[in-house]
Amino acid sequence: MNAAGPLIGVLALQGDVREHMRSLEAAGARAVSVRSVETLSQVDALVIPGGESTTMSKLAILDGFLEPLREARSAGMPMYGSCAGLIMLADRVTDARPDQETVGGIDVTVRRNAFGRQVDSFEADIDMPSIGPDPFRAVFIRAPRVDEVGPEVEVLARVGDDGTIVAVRQGRLMATAFHPELTGDHRIHQAFVNLVSQSQG
Ligand code: GLN
């Protein structure tokens, strides 16, 4: 625990919660898993982990989380989503289930499972100038991709010859199509912790 760092929750409806908590702590934050709306109201910021966005949507509705999440985001809570978390923060989703809901907030269209069945999972070294000059080893697992970005969206990273967008930021919201919590490289969590600290003034 870092006594002075911001308190960042990791939404624990589903997904790799513990790995995110470890990375956040390595980046100087205090981390807590968020299993209740009450805990959500106590954190400075939120990470939405990877998992399965259809299941996450269903659980968010069942557990009464969807509206509180949307309200927290509208009120300016910084949020970072990885993989399914990117889908949860997207305003528009292609290949979503008909009843699938998102928290929204990032003006992008994302496509679920966009890299095809043959390449269910892969790793790639990507350039991400906002976190430093060294490439970031990105782990993609049934990952979405960003197909369209609105004018307020900053593209943070691309992958492949076609320049597929895989990391974005809009204001206090950040998202990656890949899983930085699975590597020992904490620079993306560090960037989010910095964003949270800056938003606290
Ligand atoms: N394919 C998943 C979805 O659509 C995302 C995969 C992941 O988070 N690793 O939600």
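Atoms within each ligand, like the ligands themselves, are counted from 1 in listed order. Numbering of residues begins at 1 and proceeds along the displayed sequence.
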Ignoring hydrogens, just give me the one of Gln14, Arg112, His179, Arg142 whose non-hydrogen atom is nearest atom 9 (N) of ligand 1.
His179
Could you list the atoms of ligand 1 found under 4.0 angstrom from a heavy atom of [X]?
X     : answer
Gly50 : 8 (O)
Ile87 : 3 (C), 4 (O), 10 (O)
Ser53 : 3 (C), 4 (O), 10 (O)
Cys83 : 5 (C), 6 (C), 7 (C), 8 (O), 9 (N)

Give me the one residue out of Met79, Glu101, Met56 that meets side chain to side chain contact (heavy atoms under 4.5 Å, CB included) with Met88.
Met56
Short side-chain donor-acceptor distance under 3.5 Å, Gln190 and Asn194:
yes
Any nitrogen or oxygen of [X], main chain or side chain, under 3.5 Å from a nitrogen or oxygen of ligand 1?
X      : result
Ile141 : yes
Asn113 : yes
Pro144 : no
Thr54  : no

Do the side chains of Asp107 and Arg92 get close enough for a salt bridge, i.e. N-O under 4.0 angstrom?
yes
Is any side-chain N of the basic residue among Glu25 and Arg22 closer than 4.0 Å to the acidic one's carboxylate O?
no
If you compare all heavy atoms of Pro78 against all heavy atoms of Ser199, which two are closest, and at what distance to 0.1 Å?
CG-OG, 3.5 Å
dist His20:NE2 -> Ile48:CD1 (nearest 0.5 Å) comes out at 10.0 Å
Which residue owns the protein heavy atom closest to atom 3 (C) of ligand 1, what's the atom, and how far is it?
Glu52 OE2, 3.3 Å
Spell out, yes or no, whether Leu59 and Val93 are grouped together once hydrophobic residues are joined by side-chain heavy atoms under 4.5 Å, including indirect joins.
yes
Would you check whether Met56 reaches within less than 4.0 Å of ligand 1, judged by its heavy atoms?
no
Residue among Asp125, Asp185, Thr183 satisfying side chain to side chain donor-acceptor pair (under 3.5 Å) with Arg137
Asp125
